[in-house]
**Q** 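Here you go, one structure.
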Amino acid sequence: MVLNLDDGTDRVLQSSTSDVYYGAVTDTRYSAGLLEEQNVFVVARGHNDKDAADERLLQVSLATGSTFQSIPLPTTFAHDSVRVGDRMFIADTGDKGIREFVFDEFKVSEKPMSEVVDSKLQGVFTTREHVNCFHPIIKPDGTVEEMWVNLHSKSPGEQKTSKACLVNVDTGEKIRCLDGISSGGHQLVGWSPPGTVTEFLVTLDSNNSQLCKIDPETGSTDCIWTDPGLGFLKGLVIIDGVAYLGAMPPVARKKRKDKTIKSVVVGVDLLTGAEVFRKEVSTQGIINQITAPWLSPHGTFSAIDDWACGHNQIQRRTSWLPGRLTPHPSIDKRNPLLSKHYLSLSSKTEARAKEGAPYQVHIGELEKGAVERIQKFLFEERGRRDFEDMDWVHTNNAFYGGKSANLELFKPGVKSVLLKFSDQAATTAFEFPWYAEYKPAIKPWLDMVLDAYGLTENHIIRLQFALMTPNAQIMPHVDVGAWVPSSHRIHLVVTANPDVRFGVLTKGTAKDPEGDGADGTSGWSNTRINVGETWEVNNLETHKVDNLGPGERVHLIMDLSETAFEAENNIKLNKGDYIDTQDGYKVKSFDEAQDAFEADQEKVAKVIREREAKGQGTKN
């Protein structure tokens with residue numbers, strides 16, 4: 001069966017009145033990323049009985065469902081199958097435990113596989129241990145030496161708990177085992193949280209309806225998501241950080257082929273435990289395996305980075321935008337960090353300590369014409385004086401003082417055009433005169449973001465263009481003030497160059513504020529984002545920006561509150577107005593604020609003098 005995640009439709013690819021389909025491996029002769037040109041090899045059993053035979057490997061077209069080859073297997077009660085290069089491993093659960101084959105699907109007119117009769121893996125595990133599934137560890141050269149094997153305990157008198165054992169596939173040596181990882185567990189899929197090198201084994205605790213991750217070094221298990229009402233879990237693939245798993249009502253084994261059974265496919269964000277997709281499918285029996293073979297030949301045991309494969313760039317599903325995937329109605333209750341496709345505010349406060357918590361989320365992309373309209377308005381129609389001519393700014397826009405020295409200290413070489421601003425407590429928002437002048441040019445982006453968050457214009461509390469000059473730096477810092485945890489910080493990339501780096505100090509790594517992350521020893525996770533992309537970032541995490549290239553970097557930055565600011569708390573400023581941040585954010589005329597403004601500028605000059613005295617120069 002093929003399930004379309006975009007529209008929720010499904011179609012039967014191949015049907016049998018007797019066969020049970022299990023492990024699937026990719027036919028690599030065809031173009032990666034093109035489902036209509038892909039075949040898959042599937043293990044088929046003509047029974048669901050550990051003592052029966054009639055087991056085959058079917059070569060099936062993903063476009064038509066036609067069977068090109070049916071290859072007899074010497075297995076009994078076969079389960080999972082995986083391949084690494086020309087090595088294929090099949091779980092011979094009812095007899096030898098594991099069988100190995102040399103596999104060459106290019107032998108179209110003859111048997112494409114031959115068994116390795118002297119394989120050291122045969123007999124390593126017993127029938128009672130019930131070999132279920134595999135996770136080969138692929139080395140940098142593309143070969144495999146070690147493999148995790150998931151086992152069910154079926155011995156009399158033992159609790160039916162699962163364990164995972166690491167074996168050497170060449171010698172058959174059991175290196176170590178992790179006991180009690182789940183109850184009736186299925187699947188071992190390797191996954192590393194973004195910005196980390198730690199690989200977890202993601203598994204299904206099938207009997208307890210839980211999705212869990214295992215630290216293979218310690219054996220500790222952390223359950224990410226659960227829904228006891230779903231029943232028995234089986235089948236797992238991870239794509240773009242989302243785990244897609246299968247579930248069916250709890251029924252006896254002999255009824256798992258019942259044609260009336262409907263299963264459910266659920267999508268869970270692994271960083272957060274958020275349920276982002278749910279669809280009932282008419283599987284006519286239990287789901288045994290979920291895979292995306294046109295994306296990766298290793299998708300049954302290793303996470304697939306994203307939906308882009310080879311030269312066929314499928315649009316990246318980073319945001320489950322409205323109309324693409326429909327969140328389950330209970331998503332808000334299950335979701336500690338994400339709300340739909342953006343960071344929830346709790347992720348910036350109490351959930352910050354959660355390992356693997358996201359520090360940025362891709363919201364979407366503004367179409368090219370809208371980005372070009374902003375660029376033209378900013379640099380051709382307005383000109384550079386909105387950034388550079390302070391006399392012009394003070395006369396034709398509003399401005400604020402009291403923080404200029406701090407900005408010069410932490411953000412030298414950064415120039416701004418202010419459109420909206422707020423006090424530290426996020427109780428009052430200020431609309432600058434230039435907001436009305438800029439709004440027509442930036443409206444497509446405003447509409448896109450506000451629609452994505454389900455909010456309106458009076459939720460915008462801060463809005464500005466920020467220009468980084470060549471070789472400028474924004475020093476490591478954490479944004480402060482009550483407005484930070486109560487709002488979403490959202491960036492649109494207006495201009496960039498390949499040498500701009502946005503860095504976040506990630507958790508669980510060496511905290512080296514001076515490191516650049518390039519050698520793998522720094523705690524910085526550096527990201528390069530492209531023109532037109534919109535991202536939400538967690539500005540309560542320590543972050544920095546380095547413009548290492550000769551070009552400028554311009555972002556349009558919005559802070560979006562989940563609280564609407566009504567007219568009395570949304571003050572429209574006049575040209576020449578001055579917000580005195582050192583005097584309760586009072587709005588003053590420039591003449592009234594002359595002394596405060598001059599004192600503020602003297603502090604800026606002092607910062608510059610001290611920097612020059614240290615030989616650091618002035619960023620410009």
Side-chain angles (χ1 to χ4, degrees), residues 22-28 41 43 55 57 71 73-107 111-153 162-179 181 185-192 197-203 214-219 291 293 296-303:
Y22 217 99
V25 297
T26 306
D27 181 345
T28 58
F41 287 89
V43 172
E55 302 187 348
L57 188 71
I71 306 161
L73 291 175
T75 53
T76 302
F77 203 36
H79 279 67
D80 197 15
S81 64
V82 296
R83 68 174 294 189
V84 180
D86 62 357
R87 302 181 77 173
M88 174 184 277
F89 304 94
I90 296 180
D92 186 10
T93 308
D95 187 13
K96 302 295 185 182
I98 303 173
R99 290 184 184 263
E100 181 181 352
F101 301 86
V102 176
F103 188 81
D104 184 359
E105 74 268 47
F106 286 88
K107 297 179 179 179
K111 186 177 179 180
M113 56 190 292
S114 57
E115 185 173 5
V116 180
V117 293
D118 59 348
S119 172
K120 302 299 183 181
L121 290 173
Q122 290 190 20
V124 172
F125 300 106
T126 67
T127 303
R128 288 289 185 185
E129 286 181 296
H130 195 93
V131 175
N132 178 261
C133 62
F134 307 125
H135 172 76
I137 299 175
I138 300 178
K139 296 165 62 177
D141 62 1
T143 62
V144 58
E145 182 177 328
E146 297 175 348
M147 180 168 68
W148 285 101
V149 181
N150 189 60
L151 307 167
H152 295 336
S153 172
S162 298
K163 65 181 179 180
C165 289
L166 184 65
V167 299
N168 185 303
V169 298
D170 296 320
T171 66
E173 175 194 1
K174 283 186 186 179
I175 301 170
R176 56 193 173 94
C177 292
L178 307 176
D179 294 320
I181 59 172
H186 292 88
Q187 275 67 56
L188 293 172
V189 181
W191 170 73
S192 297
V197 295
T198 301
E199 183 178 68
F200 294 96
L201 297 177
V202 180
T203 190
I214 306 163
D215 185 335
E217 296 301 317
T218 66
T291 184
S296 169
H298 306 139
T300 59
F301 61 86
S302 289

**Q** Is the shortest heavy-atom distance from the side chain of H130 to the side chain of F77 under 4.5 Å?
**A**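 The answer is yes; the side chains approach within 4.5 Å.
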**Q** To the nearest 0.5 Å, how far apart are CG in L121 and CG in D92?
**A**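 Going from CG on L121 over to CG on D92, the span is 12.0 Å.
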**Q** Do you know the tightest heavy-atom contact between G94 and T127?
**A**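 Closest approach of G94 to T127: O-OG1, 3.8 Å.
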**Q** Examine distances only and state if a side-chain atom of T93 and a backbone atom of V131 form a donor-acceptor pair shorter than 3.5 Å.
**A**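 Here the side-chain-to-backbone pair exists.
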**Q** Walk me through it: do H152 and H79 pass the test side chain to side chain contact (heavy atoms under 4.5 Å, CB included)?
**A** CA-CA 12 Å; H152 295 336; H79 279 67; over 6 Å; no
**Q** May I have the step-by-step check of side chain to side chain contact (heavy atoms under 4.5 Å, CB included) for D118 and V116, ending in yes or no?
**A** CA-CA 6 Å; D118 59 348; V116 180; 3.3 Å; yes
**Q** Please evaluate residues E129 and K174 with respect to the criterion salt bridge (Lys or Arg N to Asp or Glu O under 4.0 Å), reporting the C-alpha separation (whole Å), side-chain torsions for both, the decisive distance (0.1 Å), and the verdict.
**A** CA-CA 14 Å; E129 286 181 296; K174 283 186 186 179; 3.7 Å; yes
**Q** Using 0.5 Å steps for rounding, measure from the CZ atom of R87 to the CE atom of M147.
**A**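 Those atoms lie 8.5 Å apart.
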**Q** Please name the pair of heavy atoms, one in A78 and one in I90, separated by the smallest distance, quoted to 0.1 Å.
**A**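 Distance-wise, the nearest heavy atoms are CB-CG2, 4.1 Å.
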**Q** Provide the closest heavy-atom pair for L178 versus G219 in the form atom of the first, atom of the second, distance.
**A**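 Heavy atoms only, the tightest pair is CD2-CA, 3.8 Å.
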**Q** What are the two closest heavy atoms between G185 and S162, and how far apart are they?
**A**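 For G185 versus S162, the nearest heavy atoms are N-OG, 2.8 Å.
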**Q** What is the distance from atom CG of L73 to atom CZ of R99, rounded to the nearest 0.5 Å?
**A**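 CZ of R99 is found 9.0 Å from CG of L73.
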**Q** Take E145 and D170 through the side chain to side chain contact (heavy atoms under 4.5 Å, CB included) test and state the conclusion after the steps.
**A** CA-CA 7 Å; E145 182 177 328; D170 296 320; 4.2 Å; yes
**Q** For the residue pair F101 and S81, establish whether any side-chain heavy-atom pair is separated by less than 4.5 Å.
**A**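 In short, these two side chains do not touch, never coming nearer than 4.5 Å.
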**Q** Please check if the side chain of H135 supplies one atom and the backbone of F301 the other of a donor-acceptor pair under 3.5 Å.
**A**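 Yes, because the side chain of H135 sits within donor-acceptor range (under 3.5 Å) of the backbone of F301.
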**Q** Could you state the interatomic distance from CZ (R83) to OG1 (T300), rounded to the nearest 0.5 Å?
**A**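 Rounded to the nearest 0.5 Å, the CZ-OG1 separation comes to 11.5 Å.
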**Q** Only one of N150, D80, L188 clears side chain to side chain contact (heavy atoms under 4.5 Å, CB included) with N132; which?
**A**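 By the side chain to side chain contact (heavy atoms under 4.5 Å, CB included) criterion, N132 pairs with just one of N150, D80, L188: N150.
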**Q** Return the CZ to CG distance between R176 and L166, rounded to the nearest 0.5 Å.
**A**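 Result: 6.0 Å between the selected atoms.
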**Q** If you measure from CZ on F200 to CD on E217, what distance do you get to the nearest 0.5 Å?
**A**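 Going from CZ on F200 over to CD on E217, the span is 10.5 Å.
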**Q** Under the criterion side chain to side chain contact (heavy atoms under 4.5 Å, CB included), I'd like the reasoning laid out for V169 against E100: C-alpha separation, chi angles, the key distance, then a yes or no.
**A** CA-CA 9 Å; V169 298; E100 181 181 352; 5.6 Å; no
**Q** For a quick test of reading the model, state the closest non-hydrogen atom pair linking T291 to A24 and the distance between them.
**A**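 Of all heavy-atom pairs spanning T291 and A24, the closest is CG2-CB, 4.2 Å.
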**Q** Do you know the tightest heavy-atom contact between G142 and V84?
**A**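 The answer is O-CG1, 3.4 Å.
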